[in-house]
2 protein chains.
Amino acid sequence: MHTDSVHGHTDPATALARAEALCRERGARFTPLRRRVFELVVEAGQPLTAYELLARFAEDGGNPAPPTVYRALEFLQAHGLVHRLASQNRWVVCDHPSDPHGGLFLVCRTCGRAVEWADEGVAQALHTSARAAGFQLPVEVLPEVEGLCGDCVDAH
Amino acid sequence: MHTDSVHGHTDPATALARAEALCRERGARFTPLRRRVFELVVEAGQPLTAYELLARFAEDGGNPAPPTVYRALEFLQAHGLVHRLASQNRWVVCDHPSDPHGGLFLVCRTCGRAVEWADEGVAQALHTSARAAGFQLPVEVLPEVEGLCGDCVDAH
DNA sequence: CGTTAAGTGTTATGTTATAGCGGTATTATA
DNA sequence: TATAATACCGCTATAACATAACACTTAACG
Ligand SMILES: [Zn+2]
Ligand SMILES: [Zn+2]
Ligand SMILES: [Zn+2]
Ligand SMILES: [Zn+2]
């Protein structure tokens with residue numbers, strides 16, 4: 001089984017440059033607002049709620065209303081720059097945008113850390129199982145499961 | 001690979017009897033309120049939001065407030081009688097309570113139908129993948145994925 | 001330029017979920 | 001049975017998450 005991990009440790013500058021390049025390629029506008037939202041999500045290094053983002057804007061003296069932030073997040077998601085963790089109501093940076101990918105989101109029940117784990121084995125098992133149930137899944141599927149990360153297991 | 005499906009077509013009377021028996025065994029109180037909530041979820045035959053449940057109570061002339069319904073749902077969930085679909089903010093009856101089980105929730109993007117699909121292959125792939133990422137998953141893991149059910153695929 | 005589309009600010013509101021308190025019903029114990 | 005402890009539920013209020021709709025500004029394109 002081929003297993004390929006991508007950890008959430010891309011440095012912010014690289015992530016920003018990559019996002020900017022990707023948007024330029026596609027003719028999508030990486031506006032200051034969208035850039036700032038992306039930057040905040042990258043810097044957080046962990047999943048954030050939309051309202052946590054709003055709070056960070058407020059720290060900067062900004063004052064956007066919820067729709068402003070939600071719209072930016074939707075743009076970023078549409079371009080694969082962030083993922084929405086539906087089970088957590090949170091948003092997190094994608095570590096390998098521009099590359100369509102399925103996989104698995106592992107979310108720590110204790111510390112909230114999330115790891116996007118690209119694993120063809122899981123994706124394949126999911127598609128096989130879904131087909132057996134008569135379901136057709138999109139190519140990219142990214143289920144979320146809760147567990148304990150290594151650090152939190154060690155700390156009992 | 002062993003694949004075992006359980007469809008959402010258990011008849012309401014049977015489901016109720018089973019729930020009642022299960023609670024009696026465990027010394028848990030299957031009160032009228034909890035019974036009614038369970039019955040409504042069973043009858044719906046598809047995932048419901050808590051507020052849809054509240055509306056059905058209202059149809060009956062009842063008037064519970066949100067916490068009342070949420071508490072009943074949490075009780076039912078704790079006893080494995082219903083599952084919460086975190087990605088959908090909905091609740092759905094479990095087709096094989098009393099039997100700890102992992103698997104997969106397949107949710108149709110179009111019609112909203114949800115199928116709980118017990119598949120050891122998926123559960124195993126998830127645990128293997130999670131371990132590789134340093135995560136420890138609970139024994140029962142039930143990720144949710146969105147796709148198209150057979151009917152909705154046929155209807156284009 | 002002028003026209004059009006895309007992006008953003010803003011207000012208001014809709015939807016989902018929980019905290020906390022006080023009263024009632026059930027159970028456990030003497 | 002009396003009493004104490006616990007579990008359950010009604011209720012009010014509020015927190016947390018998300019979107020509709022409209023006005024205004026900015027960018028894209030001839
Ligand atoms: Zn990704
Ligand atoms: Zn952790
Ligand atoms: Zn189940
Ligand atoms: Zn369908």
Side-chain angles (χ1 to χ4, degrees), chain A residues 19-20 23-41 44 47-58 60-79 81-92 107 112 144 146, chain B residues 19-20 23-41 44 46-58 60-79 81-92 107 112 144:
Chain A
E20 187 149 23
C23 287
R24 194 189 328 277
E25 264 176 41
R26 298 185 185 169
R29 293 170 55 196
F30 198 53
T31 64
L33 174 71
R34 290 165 176 176
R35 162 188 277 279
R36 184 68 185 130
V37 169
F38 182 67
E39 200 171 23
L40 287 170
V41 176
L48 292 181
T49 70
Y51 280 76
E52 286 168 346
L53 279 169
L54 281 164
R56 306 209 175 189
F57 270 102
D60 293 359
N63 191 29
T68 301
V69 165
Y70 277 100
R71 285 186 295 227
L73 287 169
E74 273 146 29
F75 169 88
L76 296 170
Q77 183 185 33
H79 287 281
L81 296 166
V82 303
H83 294 292
R84 174 167 145 74
L85 295 181
S87 65
Q88 312 280 321
N89 298 325
R90 285 171 196 274
W91 304 75
V92 67
V107 181
E144 302 153 30
E146 263 194 27
Chain B
E20 186 150 24
C23 287
R24 194 189 327 276
E25 265 177 40
R26 299 185 184 171
R29 294 169 54 194
F30 198 54
T31 64
L33 175 70
R34 290 166 176 174
R35 163 188 278 281
R36 184 67 185 131
V37 169
F38 182 69
E39 199 171 22
L40 287 170
V41 176
Q46 62 168 326
L48 292 181
T49 69
Y51 281 77
E52 285 168 346
L53 279 169
L54 282 163
R56 305 210 175 186
F57 270 102
D60 293 358
N63 191 30
T68 300
V69 165
Y70 276 101
R71 283 186 296 227
L73 287 169
E74 272 146 30
F75 169 88
L76 296 170
Q77 182 185 34
H79 288 280
L81 296 167
V82 303
H83 294 292
R84 174 167 145 73
L85 295 181
S87 65
Q88 313 279 322
N89 298 324
R90 285 172 195 273
W91 304 76
V92 67
V107 182
E144 303 152 31

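Naming convention: chains lettered A, B, ... in sequence-line order (proteins, then strands); numbering from 1 in each chain.
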(message) Strictly distance-based, threshold 3.5 Å: is any side-chain N or O of Gln88(B) a donor or acceptor partner for the main-chain N or O of Leu85(B)?
(response) no

(message) If I compare all heavy atoms of Ala50(A) with all of Leu73(A), which pair ends up nearest, and what's the gap?
(response) CB-CD1, 4.2 Å

(message) If the cut-off is 4.0 Å, is Tyr70(B) near the phosphate of dA17(C), judged by side-chain N/O to OP1 or OP2?
(response) yes

(message) For Pro47(B) versus Glu52(B), what's the shortest heavy-atom pair and its separation?
(response) O-OE1, 4.2 Å

(request) Determine the minimum heavy-atom distance between Leu76(A) and Phe30(A), stating which atoms define it. (result) CD2-CE1, 4.1 Å

(request) Please report, rounded to the nearest Å, how far the C1' atom of dT15(C) is from the CG atom of Leu48(B). (result) 15 Å

(message) Applying a 4.0 Å non-hydrogen cut-off, can you work out what Gln88(B) is touching in the nucleic acid: base, sugar-phosphate, or nothing?
(response) nothing

(request) Could you pull out the closest heavy-atom pair between Ala72(B) and Val37(B), with the gap in Å? (result) CB-CG2, 3.8 Å

(request) Given salt bridge (charged side-chain N to carboxylate O under 4.0 Å, His left out), test Glu74(B) with Arg84(B) step by step and report yes or no. (result) CA-CA 9 Å; Glu74(B) 272 146 30; Arg84(B) 174 167 145 73; over 6 Å; no

(request) Would you kindly give the NE2-to-C1' distance between His79(A) and dG7(C), to the nearest whole Å? (result) 13 Å

(request) Tell me which nucleotide among dA6(C), dC11(D), dT27(C) gets nearest to the side chain of Pro67(B). (result) dC11(D)

(request) Give a yes/no answer on whether the side chain of Asn89(A) brings an N or O atom under 4.0 Å of OP1 or OP2 in dA18(D). (result) yes

(message) Just N and O in the side chain of Thr31(A): are any of them under 4.0 Å from OP1 or OP2 of dT8(C)?
(response) yes

(request) Report the distance from atom CZ of Arg29(B) to atom C1' of dC8(D), rounded to the nearest whole Å. (result) 6 Å

(message) With the threshold set at under 4.0 Å for non-hydrogen atoms, list the residues of residues 32-41 of chain B touching DNA chain C in residue-number order.
(response) none

(message) Tell me whether Arg36(B) is salt-bridged to Glu39(B), with the criterion being a basic N under 4.0 Å from an acidic carboxylate O.
(response) yes

(request) Can you tell me the distance, in whole Å, between the CZ atom of Arg90(A) and the P atom of dA16(D)? (result) 11 Å

(message) Taking any heavy-atom pair under 4.0 Å as a contact, classify Arg71(A): base, sugar-phosphate, or nothing.
(response) base

(message) Expressed as a whole number of angstroms, how long is the span from Trp91(B):CH2 to dT15(C):C1'?
(response) 15 Å

(message) Between Glu144(A) (side chain only) and Ala86(A) (backbone N and O only), is there a donor and an acceptor less than 3.5 Å apart?
(response) yes

(message) Please check: side-chain N/O of Arg34(A) versus main-chain N/O of Arg29(A), any donor-acceptor pairing under 3.5 Å?
(response) yes

(request) Starting at atom CG of Leu73(B), determine the distance to atom P of dC9(D), rounded to an integer number of angstrom. (result) 12 Å

(message) Between Thr68(B) and Tyr51(A), which residue's closest nucleotide on DNA chain D lies nearer the 5′ terminus?
(response) Thr68(B)

(request) Quick one: label Ala50(A) by what it contacts on the DNA or RNA (base, sugar-phosphate, nothing), any heavy atom closer than 4.0 Å. (result) nothing

(message) Side-chain N or O of Arg84(B) versus OP1/OP2 of dA17(C): is the shortest distance under 4.0 Å?
(response) yes

(message) Counting the atoms with a prime plus P, OP1 and OP2 as sugar-phosphate, which does Glu52(B) contact under 4.0 Å by heavy atoms, base, sugar-phosphate, or nothing?
(response) nothing

(message) What's the angle between the local helix axes at either end of the helix from dC1(C)-dG30(D) to dA30(C)-dT1(D), using five pairs per end and rounding to 10 degrees?
(response) 30°

